[in-house]
Amino acid sequence: MAITSLLIALAAGAASAFMFASIASGALLSLVLFYLAPLPLMVAGLGWGHLAALFGALAASLGIGFLFGFGYVAAFAITIGLPAWWLARLALLGRANGDAAAVEWYPVGRLVLWAAGFAMLTTLSALFTLGADAETITATLKRGLMRLMGIPAGDSIAEETDRVVDLLVGMAPAAGASIAMMTLTLNMWLAGRVARASNLLSRPWPDLRSFELPPMTLVTLSVAAALSFVGGLPAIVAQIVTAALMTAYALVGFATLHVITQPLKSRFLWLSCAYVAVGLFGWPVILLVGLGLIDAFVGLRARFYQRRAPPPAPYS
């Protein structure tokens, strides 16, 4: 590794470690920094090669271990270092496609699926630090949520409040997987934009409106959704898988929305409203998931492009 790449890797690792450790302050800004912690490593990986991201991740892990204890090394490696390095590595994978000048780059859909897998791994790793079975995990989550709500441990609470707490606890694993999935994909997009703006991105910018998930993703989602109702630890795992894959299909829904609104004069307004609604309220993302699933079943984008294609030239 060249000295420049080495220095970039060290700087990226230091920035990522600082952003990861800032969560200990408890400030609201620290939460934003924590979620953006993979960004410096991804920028280093896309701009200076995946080895820069790997070296930066290793340096950051060791630094966190020396400063906060080696129990935090695994937490950083699983949630930040490994996803940042691996996604940057895959994004730069390419192979010659017949013609030596034509390069087939790693598909965006598979990158999204890898991000979903890392979101599942991150969420499951966090849950297993709370307990090894569903009852222990649920009880620990409930105690933590009640602390956040200012309810002292052991105090009796109203039945309605207890139901609300139980509902939030039940939603927590799926919500955690969705948030992890969205932040990973957002970091990857931001890193790509930064590398591209700096003329450091070695691959062409992909057409994000046309990315597709592998066909087996829909089968996996169906099986996971069915297993979400079996109860116990298998149900929690299945809910995490379901949430991560549904988030992936929400991204497909956004891509589909970008395509089918192309003929509209008010396209910018529609897209802006969609992004703002999802960002402010959250629940409209269900509509995007539905749109992504419809596209997976019937090929909305392919049908749109077929209708928009120019008619064949008449025979002379």
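Nothing fancy with the numbering, it's 1 onward along the sequence.
For the pair Ile8/Phe55, no side-chain contact is recorded, criterion being any heavy-atom separation below 4.5 Å from C-beta on. Taking the side chain as every heavy atom from C-beta outward, Thr138 and Asp166 never approach each other to under 4.5 Å. Looking at Met181 and Val112, their side chains come closer than 4.5 Å, going by heavy atoms from C-beta outward. The shortest side-chain heavy-atom distance between Tyr305 and Val259 falls under the 4.5 Å cut-off. Taking the side chain as every heavy atom from C-beta outward, Leu291 and Leu300 approach each other to under 4.5 Å. The shortest distance between side-chain heavy atoms of Leu127 and Leu141 falls below 4.5 Å.
Applying the side chain to side chain contact (heavy atoms under 4.5 Å, CB included) rule to Leu54 yields the partners Leu51, Leu58, Trp85; only residues at least two apart in sequence or on another chain are considered. Applying the side chain to side chain donor-acceptor pair (under 3.5 Å) test to Arg196 and every residue at least two apart in sequence or in another chain returns nothing. Evaluation of the ring-ring contact (aromatic ring centres under 6.0 Å, His included) rule for Phe281 yields no partner, not counting sequence neighbours. For the side chain to side chain contact (heavy atoms under 4.5 Å, CB included) test, residues two or more places apart in sequence or in another chain that qualify with Pro206 are Val108, Arg203, Leu208. Among residues two or more places apart in sequence or in another chain, the side chain to side chain contact (heavy atoms under 4.5 Å, CB included) test is passed with Met182 by Thr247, Leu251. For Tyr106, there are no ring-ring contact (aromatic ring centres under 6.0 Å, His included) partners, not counting sequence neighbours.
A donor-acceptor contact shorter than 3.5 Å is absent between the side chain of Ser228 and the backbone of Ala235. The closest donor-acceptor contact from the side chain of Ser198 to the backbone of Val194 lies under 3.5 Å.
Other residues, nucleotides and ligands place more than 12 heavy atoms under 6.0 Å from the CH2 atom of Trp205. For CE of Met246, the number of neighbouring non-hydrogen atoms (other residues, nucleotides, ligands) closer than 6.0 Å is 12 at most. Within 6.0 Å of atom CZ in Arg147, 12 or fewer heavy atoms from other residues, nucleotides or ligands are found, so the atom counts as exposed in its surroundings.
The salt bridge (charged side-chain N to carboxylate O under 4.0 Å, His left out) analysis of residues 271-297, with sequence neighbours excluded, yields the pairs Asp295-Arg301. Among pairs with a residue in residues 117-136, those fulfilling side-chain hydrogen bond (donor to acceptor under 3.5 Å, both in side chains) read Asp133-Thr136, at least two apart in sequence or across chains.
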Under 3.5 Å, side-chain donor or acceptor atoms of residues 210-219 against the rest of the protein: list the pairs with distances, not counting sequence neighbours.
| unit_1 | atom_1 | unit_2 | atom_2 | d |
| --- | --- | --- | --- | --- |
| Ser210 | OG | Asp207 | O | 3.0 |
| Thr217 | OG1 | Pro214 | O | 2.8 |

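Through direct or relayed side-chain contacts under 4.5 Å between Ile, Leu, Val, Met, Phe, Trp and Tyr, Met171 connects to Leu167. Cluster partners of Leu264, using a side-chain heavy-atom cutoff of under 4.5 Å among ILVMFWY residues and allowing indirect links, are Trp270. Other cluster members for Ile23: Phe20, Leu31, Phe34, Tyr35, Leu41, Ile64, Leu67, Phe68, Tyr72, Phe76, Ile80, Ile179, joined by side-chain heavy-atom distances under 4.5 Å among Ile, Leu, Val, Met, Phe, Trp and Tyr.
The cationic atom of Arg95 (NZ for Lys, CZ for Arg) does not lie both less than 6.0 Å from the six-membered ring centre of Trp105 and within 45° of the ring axis.
Contact detail for Leu201 and Gly192: the closest heavy-atom pair is CD2-O, 4.1 Å. Closest approach of Met188 and Leu46 over heavy atoms only: CE-CD2, 4.0 Å.
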